[in-house]
There are 2 protein chains.
Amino acid sequence: MDDIDRRLIALLQEDATVSYATLGKGAGLSAGAAHERVRKLRERGVIRRTTVEVDPAALDRGVLAFVMVDSTAWMGESADAFAAIAEIQEAHVIAGSASVLVKVRTATTGQLQDVLRRLYAIEGVSGTQATVSLETFFERPVSPLPG
Amino acid sequence: MDDIDRRLIALLQEDATVSYATLGKGAGLSAGAAHERVRKLRERGVIRRTTVEVDPAALDRGVLAFVMVDSTAWMGESADAFAAIAEIQEAHVIAGSASVLVKVRTATTGQLQDVLRRLYAIEGVSGTQATVSLETFFERPVSPLPG
DNA sequence: TATGAAAAGAGGAAGTG
DNA sequence: CACTTCCTCTTTTCATA
C-alpha cells in the first residue's frame with residue numbers, strides 16, 4: 001500500500017468504469033502496471049468489490065433513520081437477525097448505553113415504525129431510539145488519503 | 001423502475017464488473033436490452049456511479065465512530081465545513097436534540113479525538129457525543145427489493 | 001514489479017421486428 | 001422496448017527485462 005495504490009483507489013472510487021489505460025495515466029503508470037496493481041489490491045481484499053451507487057429515493061427508500069437498539073443481553077451473535085430486515089443497511093455493535101446502532105432506509109415513516117416493531121421482536125431487544133435524518137449533507141467513499 | 005430494473009440493480013450492486021451478456025442472463029434479457037436499461041438507469045440518476053468498495057482498515061481507517069454534533073445555530077448551510085474533514089465519511093442533518101450526525105473513520109482513537117477537536121472548531125458547534133463501534137455486523141448496498 | 005504485444009472478449013451504436 | 005449484428009476498444013494473458 002504505497003501512494004500509487006492509494007491514488008489508484010481514489011480514482012476507482014470516483015469512477016470504476018475507466019479503462020486501465022486512463023487509470024494508469026492518472027497514476028503515472030502503464031496500463032499493464034495499473035492492471036497488475038489493481039489485481040493485487042483485489043486479491044489482498046483491499047478492494048472488496050466493484051459496485052454501483054444508487055439513489056435511495058429511486059428505490060423507495062427516501063426516509064433515512066439511525067436507530068440505537070438497547071438490549072438486555074449481549075448482542076454479539078445477532079447479526080443474522082438484523083440482516084434479515086431488508087430495510088437495515090448497516091448494523092454495528094457499539095460501546096455506550098445502547099448495544100447496536102443500525103442505519104435504516106424506508107419509503108415512509110410508517111414503514112420505519114414497522115421496522116422498529118420488527119426490531120423489538122429480536123430476542124434481547126429492550127428498546128429503540130430512532131433519529132430521523134432531515135437532509136444528507138454527503139455520503140462518500142472512505143478516503144484513501146491520510147489525514 | 002419495474003422489477004427487471006430492480007433485478008439489474010441488485011446484480012450490479014453485487015458485482016458491477018459482470019458483462020452485459022451475463023447481466024442480461026440474470027434478468028432474462030439479451031445483452032443489448034440489459035445494456036440499454038442500465039444506460040437509462042444511469043441517465044435518470046438512479047445509478048449514480050460505479051465505484052469500488054474498500055476495506056477501511058487497509059486504508060488506516062480501522063476505527064469507526066458515530067458522532068452526534070450539537071449546535072447553537074442552524075447547521076443547514078455547514079456542509080462544506082464537515083466535508084473539509086477527510087475522516088468524515090457521512091454527515092446528516094438530524095431531527096432530535098443534536099443537529100448533525102457524522103460517521104467518522106480514523107486509524108486510532110487518538111485521531112478520533114483530533115477529529116472531535118476539529119468539529120468543535122466549526123462555527124456554531126457546541127458539543128459532541130461520540131459512539132465508537134466495536135464491531136460492524138454488516139454494511140451493504142441499499143436493497144432494491146421492496147419490503 | 002513494469003513493459004509491450006497478441007488473443008479473447010466486452011462495450012457501444014446501428015438497424016429491425 | 002427488445003433483439004441482433006458489426007466494429008472498435010478493452011481486458012487479459014504472456015514473454016521479456
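Residue numbers begin at 1 in each chain, while the letters A, B, ... track the order of the sequences.
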Before we go on, tell me: are the rings of A/His92 and B/Phe138 under 6.0 Å apart, centre to centre?
no
Gap between atoms CZ and C1', on A/Arg42 and D/dT12 respectively (whole Å)
13 Å
Quick one: label B/Arg37 by what it contacts on the DNA or RNA (base, sugar-phosphate, nothing), any heavy atom closer than 4.0 Å.
sugar-phosphate
Between B/Ala27 and B/Leu8, the two heavy atoms sitting closest are CB-CD2, 3.7 Å
Using whole Å, what does the distance between atom P of nucleotide D/dT12 and atom CD of A/Glu43 come to?
14 Å
Given C/dG12, D/dT11, C/dA2, which nucleotide is nearest the side-chain atoms of B/Tyr20?
C/dG12
Reported CZ-to-CD distance for the pair B/Phe66 and A/Glu90, which is rounded to 0.5 angstrom:
5.5 Å
Flag for A/Thr50-A/Arg42: side-chain donor and acceptor within less than 3.5 Å
yes
Within the side chain of A/Arg105, is there an N or O that forms a donor-acceptor pair under 3.5 Å with the backbone of B/Ser143?
no
Within less than 4.0 Å of OP1 or OP2 of C/dG12, is there a side-chain N or O belonging to B/His35?
yes
Give a yes or no on whether the backbone of B/Pro144 and the side-chain of B/Arg6 come within a donor-acceptor separation of less than 3.5 Å.
yes
If you measure from the Lys or Arg side-chain nitrogens to the Asp or Glu carboxylate oxygens, is any gap between B/Glu43 and B/Lys40 under 4.0 Å?
no
Flag, side chain of A/Thr109 to backbone of A/Leu112, donor-acceptor distance under 3.5 Å:
no
In whole Å, measure the gap between the C1' atoms of D/dA17 and C/dA7 for me.
22 Å
What is the distance, to the nearest angstrom, from the CZ atom on B/Arg44 to the C1' atom on D/dC1?
13 Å
In whole angstrom, give the distance that lies between atom CG of B/Leu23 and atom P of C/dG11.
9 Å
Rounding to a whole Å, what distance do you find between A/Arg39:CZ and D/dT12:C1'?
11 Å
Starting from the C-alpha separation in whole Å, work towards a yes-or-no answer on salt bridge (charged side-chain N to carboxylate O under 4.0 Å, His left out) for A/Glu139 and B/Arg48.
CA-CA 12 Å; A/Glu139 289 181 292; B/Arg48 288 180 172 152; 5.3 Å; no
Pairs under 3.5 Å (N/O, protein and nucleotides 3-9 of chain C):
| from | atom 1 | to | atom 2 | distance (Å) |
| --- | --- | --- | --- | --- |
| C/dT3 | OP2 | A/Ser30 | N | 3.1 |
| C/dT3 | OP2 | A/Ser30 | OG | 2.5 |

With heavy atoms under 4.0 Å as the rule, sort B/Val38 into base, sugar-phosphate or nothing.
nothing
Can you measure B/Lys25 atom NZ to D/dC3 atom C1' for me and round it to whole angstrom units?
15 Å
Does the pair A/Arg118 and A/Asp114 meet the rule for a salt bridge (charged side-chain N to carboxylate O under 4.0 Å, His left out), with working shown?
CA-CA 6 Å; A/Arg118 280 180 275 159; A/Asp114 190 60; 3.2 Å; yes
Using the rule given for side-chain hydrogen bond (donor to acceptor under 3.5 Å, both in side chains), can you reason through A/Ser99 versus A/Ser71, listing the C-alpha separation, both sets of side-chain angles and the distance that settles it, and then say yes or no?
CA-CA 6 Å; A/Ser99 60; A/Ser71 70; 2.8 Å; yes
With Watson-Crick and G-U wobble geometry limited to distances under 3.5 Å, how should the secondary structure of DNA chain D be encoded in dot-bracket form, using | for bases paired to another strand and [ ] for crossing pairs?
||||||||||.||||||
List, with names and distances, any nitrogen or oxygen atoms from the protein found under 3.5 Å away from nitrogen or oxygen atoms belonging to nucleotides 14-17 of chain C.
none

